[in-house]
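Reading through the structure tokens given below for one structure.
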There are 2 protein chains.
Amino acid sequence: MEHEPTRLQRELLPRVIDYIRHRGIRPGVRLTELELAHHLQVSRTPVRAVLEQLAEEGVLDARPRRGFVLRSIPEPEAAPGAPPNEVEQFCLRVARDKMNNRLPQEISESDLMRRYNVTRPFLLRVLMQLAEVALVERKPGNGWAFLPSLEDASARQESYDFRLLIEPAAILAPGFALDALWLGETRRQHEAFLAAPWKETASIALFEMNAAFHEGLAAASGNRYILLAVRQQNRLRRFSNYDWVYGFERVQISCREHLEILDRLELGEREVGAALLRRHLEQARSLSRQFGE
Amino acid sequence: MEHEPTRLQRELLPRVIDYIRHRGIRPGVRLTELELAHHLQVSRTPVRAVLEQLAEEGVLDARPRRGFVLRSIPEPEAAPGAPPNEVEQFCLRVARDKMNNRLPQEISESDLMRRYNVTRPFLLRVLMQLAEVALVERKPGNGWAFLPSLEDASARQESYDFRLLIEPAAILAPGFALDALWLGETRRQHEAFLAAPWKETASIALFEMNAAFHEGLAAASGNRYILLAVRQQNRLRRFSNYDWVYGFERVQISCREHLEILDRLELGEREVGAALLRRHLEQARSLSRQFGE
DNA sequence: TTTTGTATCATAGCATCACGAAATACATTT
DNA sequence: AAATGTATTTCGTGATGCTATGATACAAAA
């Protein structure tokens, strides 16, 4: 009598898998609900649901009254083929429709609700998220207006200029400290991308990996506002960068540059790492200038 | 049969006054609804309401069928004694209550609605705004959690570090261009503060003027993401900087520094201006370190 | 023709209720 | 005692209807 997994459960499932892998839990070991619930910051209820789901998939053995036991170590979460959550996904859809001129420049909430058949609370979260990256803004009275950032090529340049200000500086921040676990995982992902044959369908996963790379560096800076700004930039870039149009060659170059930056940072050569990151961003900027609309 | 002015009308009223003053409209000149509505990006309905309100205050003469005529040039909007809007104001209240330990570290939306007797949509806007500056975050399941930024002295340092990255850079941005109107108005406000005797009650107005100064520089950079970041920082600082605790002497120093920066920028000496702004921020940072909790 | 006055429509916010699920307390088993 | 099973409470979301007011169309006056 399994129900459809809920939003929370869908988000929790990959985190449980990460938990199993990063803690190095071996087959035969029992997973306790309370421990997981505490780690995930939720109650036992959704944890239970996730564990039952994993049991159905054969990752866990469910034994009545004796909890769940790991059967086989699960694969790391499949390469993401979609944005991290539904709000983000819907933001993307709205942005695309606007770019294809399927939406007027100004529009009311009710109109959007009708067009997309969504509820107001959901729509509001979407609009506020779009507003956070300056893609739309509330008009003084009723309705919302799209800002020119979507079509505007200069917006992309400004974005790179902004990132050039903060991202290299993040590396040079006094408290900069990389997390070893993150470093290993990020390396693994990059190497996987270099090894695998290029498929167009992987461009979303590529973007998400890149975003995680830059966010990870920002997080390592120890400055929460740098991290906030980089997260915001990532969300913004998601709207225009989901389609990788530069071919596999650029994928390789980009991945290698990321890996080299990580190498330098691990050696403590932060100035070099910052310089490499600066060049990396400058190249991306001029590429986007060439290909830009 | 005048009703209570609505939110929109309260926001529009000072903008109409600004309109009158900045356009240099003289007494006896007629204000047309359509022109104002177009300028304010709203329909005639709320404009009408505002004009009627101004007529009651004696600023305008209402003549049936012949619209509204300016009677006397209104004073510029009184020095703001409150945050720019109600959401912001409520954010402030929540933040204060948290700092005074009147709120637990984790709390549900329903609980907040009961405590403050507000509607959910309003509360959601408040929470999302607080989340935007990393003061709270949604827990994975139900409820929200306050982040340590409020009590944390290091958060303030990080904020200054972040601003040191972007604000001087804003001045040096290639497209930097100050608006003459803004410059004059900002100068006038600063000089008024220097001239007037210091009152503790003016600390909110002081903060808002300072915020507008920094935001204006960011806007002049021509980089929308710098502007976005500075706006965000201003909103964040509003929570901890509404009480000016450094005395009138520091007010004077700060205002004079602002004015000198403007002087230099007007002369086109942007490097000097950027350096002065850098020093200005560094001084504020070390001051906050001394007085900081 | 342009602007105001007036009527009508549409919008956004609020209140209420219902429901699935998360949180939590208690019972039961190991 | 610690973990799981089960029941109860609380929470957050969606659906619906209502209302003040913003948007708009049309009439009337200047």
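Quick caveat, the model's predicted, so the values are computed rather than measured. Reckoned from all heavy atoms, side chains included, excluding hydrogens, waters and symmetry mates.
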Identify all pairs in which a protein N or O lies below 3.5 Å from an N or O of nucleotides 14-19 of chain D, and state each distance.
from: D/dG14; atom 1: OP2; to: A/Thr119; atom 2: OG1; distance (Å): 3.3

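- Checking side-chain atoms of A/Ser108 against main-chain N and O of A/Gly143 turns up no donor-acceptor pair under 3.5 Å.
- Counting any heavy atom pair closer than 4.0 Å across all strands shown, A/Glu35 reaches no nucleic acid atom.
- When the local axes at the two ends of the helix from C/dT1-D/dA30 to C/dT30-D/dA1 are compared, using 5 base pairs at each end, they differ in direction by 30° after rounding to 10°.
- Distances shorter than 4.0 Å separate some side-chain N or O of B/Gln9 from OP1 or OP2 on D/dG22.
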What nitrogen or oxygen pairs link the protein and nucleotides 1-4 of chain D at under 3.5 Å?
from: D/dA3; atom 1: O3'; to: A/Arg30; atom 2: NH2; distance (Å): 3.1
from: D/dT4; atom 1: OP2; to: A/Glu33; atom 2: N; distance (Å): 3.2

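- For DNA chain D, no neighbouring residue in residues 16-28 of chain B is found when judged by any heavy atom under 4.0 Å.
- A heavy atom closer than 4.0 Å to some atom of DNA chain C occurs in A/Arg138, A/Asn142, A/Gly143, these being the qualifying members of residues 126-148 of chain A.
- A/Arg237 and A/Ser159 share no donor-acceptor pair across their side chains, judged by distance under 3.5 Å alone.
- In terms of heavy-atom proximity, B/Ser110 sits nearest to B/Arg120 at OG-NH2, 4.1 Å.
- Using modelled atom types, no side-chain atom of A/Thr6 and backbone atom of A/Gln9 make a donor-acceptor pair closer than 3.5 Å.
- In this structure, A/Glu158 CD and B/Asn223 CG are separated by 4.5 Å, a value rounded to the nearest 0.5 Å.
- Judged purely by atom type and a 3.5 angstrom limit, A/Asp97 has no side-chain atom pairing as donor or acceptor with the backbone of A/Leu103.
- With hydrogens and angles left out, the side-chain atoms of B/Glu109 and B/Trp144 include a donor and acceptor closer than 3.5 Å.
- The list of side chain to side chain donor-acceptor pair (under 3.5 Å) pairs with a residue in residues 21-34 of chain A, not counting sequence neighbours, reads A/Glu33-A/Arg44, A/Glu33-A/Arg48.
- Note that the CZ atom of B/Arg96 and the SG atom of B/Cys91 stand 12.5 Å from one another [nearest 0.5 Å].
- By the neighbour-count criterion of 12 heavy atoms within 6.0 Å, atom CG of A/Asn117 is sparsely surrounded, having that number or fewer from other residues, nucleotides or ligands.
- With rounding to the nearest 0.5 angstrom, the CD atom of B/Gln89 is 8.5 Å from the CG atom of B/Asn85.
- Across B/Leu8 and A/Pro140, no two heavy atoms sit closer than the pair CD1-O, 3.1 Å.
- Judged by distance alone, the side chain of B/Glu106 and the main-chain N or O of B/Ala145 form no donor-acceptor pair under 3.5 Å.
- Counting only distance, with no hydrogens or angles, the side chain of B/Glu52 and the backbone of B/Ala49 share no donor-acceptor pair below 3.5 Å.
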For residues 225-232 of chain A, tabulate all N or O donor-acceptor pairs below 3.5 Å that involve a side-chain atom, not counting sequence neighbours.
from: A/Arg231; atom 1: NE; to: A/Glu215; atom 2: OE2; distance (Å): 2.9
from: A/Gln232; atom 1: OE1; to: B/Gln232; atom 2: NE2; distance (Å): 3.4
from: A/Gln232; atom 1: NE2; to: A/Glu132; atom 2: O; distance (Å): 3.2
from: A/Gln232; atom 1: NE2; to: B/Gln232; atom 2: OE1; distance (Å): 3.4

Taking distance alone, no hydrogens or angles, what donor-acceptor pairs closer than 3.5 Å link side-chain atoms of residues 121-129 of chain A to residues at least two apart or in another chain?
from: A/Gln129; atom 1: NE2; to: A/Glu88; atom 2: OE1; distance (Å): 2.9
from: A/Gln129; atom 1: NE2; to: A/Glu88; atom 2: OE2; distance (Å): 3.3

Output side-chain donor-acceptor pairs under 3.5 Å for residues 64-72 of chain A, partner residues at least two apart or in another chain, one line each.
from: A/Arg71; atom 1: NE; to: A/Asp61; atom 2: OD1; distance (Å): 3.3
from: A/Arg71; atom 1: NH2; to: A/Asp61; atom 2: OD1; distance (Å): 2.5

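- Contact annotation: B/Ser43 reaches the phosphate of D/dA23 (side-chain N/O to OP1 or OP2, under 4.0 Å).
- Taking 4.0 Å as the cutoff to heavy atoms of chain A, we find the contact window on DNA chain C bounded by C/dT11 to C/dT29.
- Atoms CG and CZ, from B/Asn142 and B/Arg138 in turn, are 8.5 Å apart once rounded to the nearest 0.5 Å.
- Without hydrogens or angle criteria, A/Ser149 side chain to A/Leu135 main chain gives no donor-acceptor distance under 3.5 Å.
- In this structure, B/Gln41 places its CD atom 10 Å from P of D/dA23, rounding to the nearest Å.
- Remark: B/Ser108, B/Glu109, B/Ser110, B/Arg114 in residues 101-116 of chain B come within less than 4.0 Å of DNA chain D through at least one heavy atom.
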Tabulate below the donor-acceptor pairs under 3.5 Å that side-chain atoms of residues 10-20 of chain A make, not counting sequence neighbours, or state none.
from: A/Arg10; atom 1: NH1; to: A/Pro5; atom 2: O; distance (Å): 2.9
from: A/Arg10; atom 1: NH2; to: A/Glu86; atom 2: OE2; distance (Å): 2.6
from: A/Glu11; atom 1: OE2; to: A/Arg7; atom 2: NH1; distance (Å): 3.3
from: A/Tyr19; atom 1: OH; to: A/Glu35; atom 2: OE2; distance (Å): 2.9

